[in-house]
Amino acid sequence: MEKELKINNTASFKEKLWIGIPVVLLVGLLFTLLYNHHAEFSWDGFVAGFNQEFLVFFAIGVFAQLVDGTLGMGYGATSTSFLLAYGVPPVVSSTAVHVSEMFTTGASAVSHHRFGNINKKLVKHLLIPGVLGSITGAYLLSDVIDGDVIKPFIAVYMIVLAVIIIRKALKKNIVKKKTKKLGFLAVFGGFMDSVGGGGWGPIVTSTLLGRGRNPRYTIGSVSAAEFAISFASGITFMLFGGIHGWQVIIGLILGGVISAPLAAFLVNKIKRKPMMVAVGVLIIVLSLKTLSKLL
């Protein structure tokens, strides 16, 4: 009886960690940001920041998180495509997306855990390789690669991601296969996510779903792992590139956090294929608009 009680207490403690770790990290990050950057803010500036532009970034955050939480992909691709099309520079957009994702993916991970959408074994396989890939990509973009030079390449990369999303949506009769080289997949997904401002979901989720994995647990698990990937890349961006575009970041965070629980609830309620096609087409249109401005 005592042994059984001890096992139950250990299991209960581990369950609490799945919620406790994201919450503690996010609260710590919030206080760190407020402590280090409070001098940059004033009440007048704060009030002035809530203008039409802020509402645009807020709406992008809401929509991107609804897409990501229900499809298991598309937050970075959707928000980056919108931000680039709106005229936000690549380094600012990528930093804003990843700093905001530190909060939105935390909310998403907690929400998916509450709805029982997580395969913990899959999360553990994706976690460390994904973090290593994302740190490498974030360092290169913030300290080595010129954002203006890479902007058209990011737009083309977004079109490729959109084609992947549409292709996966239209694929029929998926035969379940064993997924090999999960670590390599996670490294590549994390790296491209940091450099391109999106890609973790379209690369990792679409590959796993293409192998016939259960959509509910795949989406929940990849979204949970994405919290660590976003946290690692966001911290790297802050260390090497600083933080720019507070209005963009706060708009994306508020929009994403508000819509995360709704997205986790809707994951089994919506028809995935039509939405994946619609999101893919939208990203292509936005990316073509960005390219037309550059060429």
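Hydrogens, waters and symmetry mates play no part in the numbers below; they use all other heavy atoms, side chains included.
For the atom pair Thr236 OG1 and Ile135 CD1, the distance stands at 4.5 Å (nearest 0.5 Å). Put simply, CE on Met102 and OG on Ser230 are 8.5 Å apart, with the number rounded to the nearest 0.5 Å. Once rounded to the nearest 0.5 Å, the distance linking CD1 of Ile219 with CG of Asn117 reads 8.5 Å. To the nearest 0.5 Å, atom CD of residue Gln65 and atom CD1 of residue Ile60 are 14.0 Å apart. Within the model, atoms OG of Ser221 and NE2 of His125 stand 11.0 Å from one another, a figure rounded to the nearest 0.5 Å. The distance from the NZ atom of Lys124 to the CD1 atom of Ile128 is 11.0 Å, given to the nearest 0.5 Å.
Looking at every heavy atom in both residues, Gly280 comes nearest to Ala162 through O-CB, 3.2 Å. Closest non-hydrogen pair, Val97 versus Ser79, comes out as CG2-OG, 3.5 Å. Of all non-hydrogen atoms in Ser194 and Gly137, the two that sit nearest each other are CB-C, 3.6 Å. The two residues Leu185 and Val204 come nearest to each other via the heavy atoms O-CG2, 4.0 Å. Closest approach of Ser93 to Val88, counting heavy atoms only: N-CG1, 3.8 Å. Taking each heavy atom of Ala138 and Ser233 in turn, the nearest pair found is CB-O, 3.7 Å.
Under the 4.5 Å side-chain heavy-atom criterion for Ile, Leu, Val, Met, Phe, Trp and Tyr, Phe54 and Ile258 are members of the same hydrophobic cluster. Tracing side-chain contacts under 4.5 Å through hydrophobic residues (I, L, V, M, F, W, Y), one never reaches Ile235 starting from Val187; they form parts of separate clusters. Cluster annotation: Met192 is not connected to Phe184 through the hydrophobic network of ILVMFWY side chains, with a link wherever side-chain heavy atoms come within less than 4.5 Å. Two different hydrophobic clusters hold Trp200 and Leu132 under the rule that ILVMFWY side chains link at heavy-atom gaps under 4.5 Å.
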Practice item. Quick one: do Leu252 and Val99 satisfy side chain to side chain contact (heavy atoms under 4.5 Å, CB included)? Show the steps, please. Key: CA-CA 9 Å; Leu252 292 179; Val99 172; over 6 Å; no
Practice item. Decide side chain to side chain contact (heavy atoms under 4.5 Å, CB included) for Lys120 and Ile118; before the verdict, give the C-alpha distance in whole Å, the side-chain angles of both, and the deciding distance to 0.1 Å. Key: CA-CA 6 Å; Lys120 292 166 188 173; Ile118 293 176; 4.2 Å; yes
Check your understanding: Given Leu83 and Val92, is the side chain to side chain contact (heavy atoms under 4.5 Å, CB included) satisfied, shown in steps?
Key -> CA-CA 9 Å; Leu83 292 173; Val92 174; over 6 Å; no
Point to revise | Ile229/Leu126 under side chain to side chain contact (heavy atoms under 4.5 Å, CB included): CA gap, chis, key distance, verdict | key: CA-CA 9 Å; Ile229 276 75; Leu126 297 173; 5.9 Å; no
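Looking at Val123 and Val222, their side chains never come closer than 4.5 Å, going by heavy atoms from C-beta outward.
Residues Tyr86 and Phe57 place their aromatic rings such that the two centres sit under 6.0 Å apart.
Side chains of Ser100 and Tyr75: a donor-acceptor N/O pair is present below 3.5 angstrom, by distance only.
Between the Ser134 side chain and the Val131 main chain, a donor and an acceptor come within less than 3.5 Å of each other.
The ring pair (Phe, Tyr, Trp, His ring centres under 6.0 Å) search around Phe191 returns none, not counting sequence neighbours.
Counting non-hydrogen atoms of other residues, nucleotides and ligands closer than 6.0 Å to OH of Tyr217 gives a total of 12 or fewer.
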